[in-house]
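Only one structure is covered here, and it is reproduced in the block below.
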Amino acid sequence: MPQKPLSDLNACSKDDFVAALSNIFEYSPWIAGQAASVRPFAGVKPLFDAMKAAVDRAAPELRLALIKAHPDLANKTHRAAGLTSESSAEQNSVGLDRLSDAEYEAFERVNNA
């Protein structure tokens, strides 16, 4: 999704705000939804602080779901189908898409541990 200026995020509908920021926290659009209610933001840091505060205020089961929604690093199953474009770009930027089979196995051992 193309980046939106902060002024547009401050002025857009809640649905558009959530759509633009839904994957800042992996598969957890509820965080952007809660942050939308405290607009406008004077900068990106206050916006991110509001999103972190939404996580801090969330019920334990929502926070656990957030953690479980985050993909394991370099997991072949997730790489095949389950990564968001943001996570895929993040993992690819550090070379996790180019690991050897032995390196994948090492990541899998750590992920499972």
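For the single chain, residues carry numbers from 1 onward in sequence order. Note that this is a predicted model, so its numbers are computed, not measured.
Of the possible polar contacts, none joining the R63 side chain to the R57 backbone as a donor-acceptor pair under 3.5 Å is found. Judged by distance alone, the side chain of Q34 and the main-chain N or O of I31 form no donor-acceptor pair under 3.5 Å.
You'll find the side chain of M51 stays beyond 4.5 Å of the side chain of P46, heavy atoms only. The side-chain heavy atoms of F25 and K52, taken from C-beta on, include a pair separated by under 4.5 Å. The closest side-chain heavy-atom distance from V55 to L66 is below 4.5 Å. Side-chain contact between F41 and L6: present, with at least one pair of heavy atoms (C-beta onward) separated by less than 4.5 Å. Between L47 and F17, the closest side-chain pair of non-hydrogen atoms falls below 4.5 Å.
Shown here for K14 and A36, the closest heavy-atom pair between the two residues is CG-CB, 3.9 Å. Contact record, D16 with K4: CB-NZ, 4.1 Å, taken as the closest heavy-atom pair. Nearest heavy atom pair, residue N10 against residue P40, reads OD1-CA, 3.3 Å.
One hydrophobic cluster, built from ILVMFWY side chains closer than 4.5 Å, cannot hold both V18 and F48; they sit in different ones. W30 and L64 sit in two unconnected hydrophobic clusters of ILVMFWY residues. Membership requires side-chain heavy atoms under 4.5 Å apart, directly or through other members.
One finds the OG atom of S28 at 10.0 Å from the CD1 atom of I67 (value rounded to the nearest 0.5 Å).
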